[in-house]
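Scroll down for the structure; my scribbles are underneath it.
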Amino acid sequence: MADPTYSKSELMICVAARLFQDGTTAFIGTGIPMLAAMLAMKTHAPGVVPIFEFGGTGAQPTQLPNMVGGARTFERAIAASGICDIMEAAQRGFIDYGFIGGAQIDPFGNLNSTVIGAHDHPKARLPGSGGGNDVGSLCWKTVAIMLHDKRRFVPRLDFITTPGYLTGPGAREAVGLPKATGPVNVVSTLALMDYEPASCRMRLRATHPGVTVAEVIANTGFDLLIAEDVRVNEPPSVDELRLLRAEIDPERLYI
Amino acid sequence: MADPTYSKSELMICVAARLFQDGTTAFIGTGIPMLAAMLAMKTHAPGVVPIFEFGGTGAQPTQLPNMVGGARTFERAIAASGICDIMEAAQRGFIDYGFIGGAQIDPFGNLNSTVIGAHDHPKARLPGSGGGNDVGSLCWKTVAIMLHDKRRFVPRLDFITTPGYLTGPGAREAVGLPKATGPVNVVSTLALMDYEPASCRMRLRATHPGVTVAEVIANTGFDLLIAEDVRVNEPPSVDELRLLRAEIDPERLYI
Amino acid sequence: MNVIAQGQGELIQPPDLEAFREWNRTRKARQLVDKVMTEAEAVAQFVADGCYIGTELYGTVRCPMSLTREVIRQRKKNLRVCGQGVLELDLWLAAGLVSQLDLTYVGLEVFGTSHALRRAVEAGAVTCVEWSNGAIAWRMKAAAMGVPFIPTRAMLGSDTLAHSAAIVATDPFTGAPVCLLPALILDVGLIHVHRADRFGNAQIDGITGFAFEMARACKRLILSAEEIIATDEIRAHPDRTIIPYYLVDAVVPAPFGAHPGEMAYCYERDDAVYREWIAASVTAEGALAYLAKYVDRVPDHRAYLDLIGEQRLAELRVA
Amino acid sequence: MNVIAQGQGELIQPPDLEAFREWNRTRKARQLVDKVMTEAEAVAQFVADGCYIGTELYGTVRCPMSLTREVIRQRKKNLRVCGQGVLELDLWLAAGLVSQLDLTYVGLEVFGTSHALRRAVEAGAVTCVEWSNGAIAWRMKAAAMGVPFIPTRAMLGSDTLAHSAAIVATDPFTGAPVCLLPALILDVGLIHVHRADRFGNAQIDGITGFAFEMARACKRLILSAEEIIATDEIRAHPDRTIIPYYLVDAVVPAPFGAHPGEMAYCYERDDAVYREWIAASVTAEGALAYLAKYVDRVPDHRAYLDLIGEQRLAELRVA
């Protein structure tokens, strides 16, 4: 049952949460991924193993983690180690999903979080890779969470911080990245995308409620592939909203 | 004051113990090095930091360690970690001395503890490197403790398990071993040797009490350099023997 | 194992393993020497202008903030810095102390980008060499292992690599391309721990971030500690020692030393002060006013804690 | 980074990082699955003839001896084994289970050389590739890191390297020669720990030897544990977890599982039984008689402990 009072953030969190597969390991970045992970663990995917880059594995936090190294990322965890152990677990193939963000994304799912403009004389200096490059390189599947507009969905990045499919099929393997890895979804403020397997190009899978395909296209700076059966994402359910508002983010810091 | 009742083992232990420098780190192998380290720490070198290859650093054991991974190697230690941490500390230059053994030694202090005869069809299979190669490669100074006879002090090894000076001056650096490292002493059942700096060849420094230079030469299978001022090692003192017998090895397992 | 490609970023701190070995042989006491001193003493003695410096873990989590502030108070110049940074690097950048960055992330997590970084980079005051978080940690790990480099399968194919100082080479065992990360030997590292003895034997509760690696990758290591404990406590649980004394040059007693960041099991993040920085740092003037209030007008960490107030600190404490 | 030299030893277990990643993706449950079973079940299920296997730490120190004996009881054949070994490898060699060795040390510490190794090698039954202790541990560390190799400055210039499968290459950052150690991915690892929960989350007290590295370098990992504890105890001290459950395939409750070796803080080495082996193993017949008595005639670890006797075990216990 839907609840019409939801915000855009709440919708994104719910769409992202539904991507979590029960019984998988997931590398969780700051912000929406944390909320989505907690929501998924409280709904369809209680067996998700949240992994945080500075060492928390399998936490059962009673409160929303607000920093990737914070105490809540290893509250009642099964292990608290360090960044090398976590990144090496990813490098060995133990981390199924990575949830990351970026300032810009291109049709192949490459992400830019480093600079707008030239690297040495940028128009805007952004935070840099952080763990993004490691996650995009080493996890099996990555999900990007993005604001959706033409300045962010661009045909060509100023800087590839984190590899998606690079220049297309086979490119990841050719440069030495682990086989059979890469981006699988984008959750944006407008829609849910995946990648067309043959071309490795981004494809519209489902629009958010009230958003038209034309709107998504108009807000995308490159030729977005359109799935034959574009669906509409389910709005947040009453239960999802209750969990988000009452249990996950009662102080409404993010939602 | 000397005590004439000492055994050959006790003498070797005492000669080896006197080589420990106070305030240095020392990688301690099984057997005589353990006894020598404990004796040194109870006499002139209380500030020696004993380091054991499987993780014990700075232990204050109440009983003689009898295994390099045994609980006594980290009893009241300042750290108990693992083999990688220890070997990496050596690789970073933190371990001043290494005390090791071998079945054969050559004039350049190379050690064999792997095979007698051809590797693939040996006359005798020996234990192998263990930590020996790491110690001989990575510690600043190594001291070998050896039985002294012509079958053990040989002109050419069947197998270089652990590098000494290899083929002579500059050879260690040329193969990529850390600079300014190498063997400094041999404590044998007959004498104390060092290495002549210019040639990196083994040199007789001091005979054990009652052993002549001629005897040492006769029991050495290569041309041993002879120091201009060959001394005679002090026999075990009353105090050294008391410590060895009453405190360090009261069960007389080794002495 | 041929070199296939090479990042065009400057290797800001080229590793010299032989010099590091010699340093570790001659400049690190094997004896148990009392190293307790104040922030002012430690920074004055061990942090030089132009040095290559890093902090662990990051500004809002178990970060040596009392030391970070003292570096500003003493206005160390032309620092070359590695790291992700939240708050701590922001403060240094705002204070104009930094000239070069081995950068992986400087930002404010969910609160957005760093205004101090943007101003510094866009003004050309700071040059950046790019790395991933894993890469910076592995570079310290290589130094900690005493080896010249560590391979990784991250970084490949990205502009992060192109603007780093990493090398892509052919793995001689498999023929596949692999990224080689040069060892990172820091001149100075700052680490905040839960407890240490007077000699520097240190314990950390919870995640260890990259404390293990950084502690072993520094020529000088300044620890700050919530609590100074007896060496007997260290010796009673030697498997808890993540940093043994011989790596350490200074031990600074610093209760609430990570404030306004959190310290797991001890105290939570002080959101009020953190948000004050976030708001203030939008402008250069605001950032300087924050520094004046929280750094320059308080002579030391004790005065800083007085400024925060005992009542507020008590509220932050975890039961 | 040119290859300067190459060890002539066989690379007994060539690392396939992609296959290891795929294994770790598909064959290691992310869920908390109860993995408690007996030695017999674990060895039957996870140790195959011809597999590449290793034990941690070593025969007289925190070694999985109850599992080691079960491997003999089930007469697994043509094992390819890495390691230093004291007693555990001796038993396998004497039982004729081993065909290839990545050898660093097989001996009896102060009690001298291994007669079982000598007999096996001199008879041509076992081939040996040589490594240092550090090298074997670093090879596991490379696998644990998910990288194809790790550099080291050990091994260089020695016949140990010449009879290994290591490569000497030029460091592209400094031009100096460096030894590259290929990652060692084991088919099966056996590790004995102080305590684990039913899912495999494990804690070790005191030194960790190479448990951290080996646990992360195995396709199959069998843990034996002195004590099975509740997962709540694991979650109360997550920084004590050296082996997280997802690495683990079997958890075997095994009090006195390291006997006749010691277990720090639990029990001391049983010198009588150890010396019995040392004396027996001088001859092939003696060794087989020992195996008959301590392995084949006792059906399981419980029966083994009965053979040793409660009184003797009580004597070995540390207060």
Side-chain angles (χ1 to χ4, degrees), chain B residues 30-31 52-56 66-71 73-74 77 80-88 90-91 103 110 112-115 119-138 157-163 166 171-172 174-178 253-254, chain D residues 57-58 60-62 84 86 103-110 112-114 117-118 120-122 124 127-128 130-135 137-138 141 152-163 168 171 176-179 205-213 261-265 268-269 318:
Chain B
T30 296
F52 295 93
E53 73 182 279
F54 288 109
N66 51 358
M67 303 171 276
V68 293
T73 66
F74 52 93
S81 59
I83 181 171
C84 289
D85 185 41
I86 297 300
M87 294 306 189
E88 292 161 13
Q91 202 156 238
N110 303 304
N112 176 17
S113 57
T114 302
V115 285
H119 178 264
D120 295 338
H121 301 283
K123 277 185 250 174
R125 174 69 223 196
L126 305 172
S129 161
N133 179 285
D134 305 303
V135 171
S137 298
L138 304 176
L157 300 179
D158 291 337
F159 191 101
I160 299 180
T161 307
T162 296
L166 297 172
R172 285 178 68 92
V175 298
L177 290 167
L253 295 173
Y254 302 91
Chain D
L57 182 67
Y58 67 86
T60 55
V61 181
R62 195 176 48 69
Q84 83 294 332
V86 174
L103 189 156
T104 164
Y105 175 93
V106 177
L108 301 167
E109 294 205 87
V110 292
T113 56
S114 157
L117 176 69
R118 289 182 73 137
V121 169
E122 290 160 24
T127 58
C128 300
E130 309 293 329
W131 306 89
S132 69
N133 264 11
W138 282 319
K141 183 166 183 163
T152 177
R153 307 188 68 195
M155 300 274 288
L156 293 160
S158 68
D159 290 321
T160 306
L161 190 148
H163 289 266
V168 182
D171 165 21
V178 66
C179 174
D205 297 340
I207 60 169
T208 51
F210 47 100
F212 182 94
E213 292 79 14
E262 70 161 37
M263 190 74 180
Y265 310 114
E268 294 189 327
R269 186 172 76 186
V318 175

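Just so you know, these numbers use all the heavy atoms, side chains as well, and skip hydrogens, waters and symmetry mates. We name chains A, B, ... by the order of the sequence lines, and we start the count at 1 in each one. These numbers were taken from a predicted model, which means no experiment stands behind them.
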State whether the side chain of [X] and the backbone N or O of [Y] hold a donor-acceptor pair below 3.5 Å, judged by distance alone.
{"X": "D/T160", "Y": "B/T161", "answer": "yes"}
{"X": "D/E130", "Y": "B/G128", "answer": "no"}
{"X": "D/E262", "Y": "B/A71", "answer": "yes"}
{"X": "B/N133", "Y": "D/S132", "answer": "no"}

- prompt: When rounded to the nearest 0.5 angstrom, what distance separates CD in D/E213 from CD1 in B/I83?
  reply: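 Rounded to the nearest 0.5 Å, the CD-CD1 separation comes to 9.0 Å.
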query: What's the spacing between D/D159 CG and B/T114 OG1 if we round to 0.5 Å?
result: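 Nearest 0.5 Å value for the CG-OG1 distance: 8.0 Å.
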- prompt: When you look at D/W131 and B/S129, which way does the side chain to side chain contact (heavy atoms under 4.5 Å, CB included) test go after all the steps?
  reply: CA-CA 7 Å; D/W131 306 89; B/S129 161; over 6 Å; no
What part of [X] lies closer than 4.5 angstrom to a heavy atom of chain D: side chain, backbone, both or neither?
{"X": "B/A174", "result": "backbone"}
{"X": "B/N66", "result": "both"}
{"X": "B/L138", "result": "side chain"}
{"X": "B/E88", "result": "both"}
{"X": "B/Y254", "result": "side chain"}
{"X": "B/L253", "result": "side chain"}
{"X": "B/V135", "result": "neither"}

message: With chain B as the partner, which of D/A120, D/A162, D/G157 has the greatest number of non-hydrogen pairs under 4.5 Å?
response: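 Going by pairs under 4.5 Å, I would pick D/G157.
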- request: Go through D/G124, D/G107, D/G206, D/G112 and name the one with the most non-hydrogen pairs under 4.5 angstrom from chain B.
  value: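 Heavy-atom pairs under 4.5 Å are most numerous for D/G206.
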Side chain from CB out, backbone as N, CA, C, O: work out which of these in [X] comes under 4.5 Å of a heavy atom of chain B, or both, or neither.
{"X": "D/A137", "value": "both"}
{"X": "D/L57", "value": "side chain"}
{"X": "D/R269", "value": "side chain"}
{"X": "D/S114", "value": "neither"}
{"X": "D/C179", "value": "neither"}
{"X": "D/A135", "value": "backbone"}

query: Any side-chain donor paired with an acceptor under 3.5 Å for D/T152 and B/Q91?
result: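 Indeed, the side chains of D/T152 and B/Q91 share at least one donor-acceptor pair under 3.5 Å.
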- request: For the residue pair D/Y58 and B/F54, categorise the inter-ring angle as parallel (less than 30°), tilted (30 to 60°) or perpendicular (more than 60°).
  value: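 Tilted.
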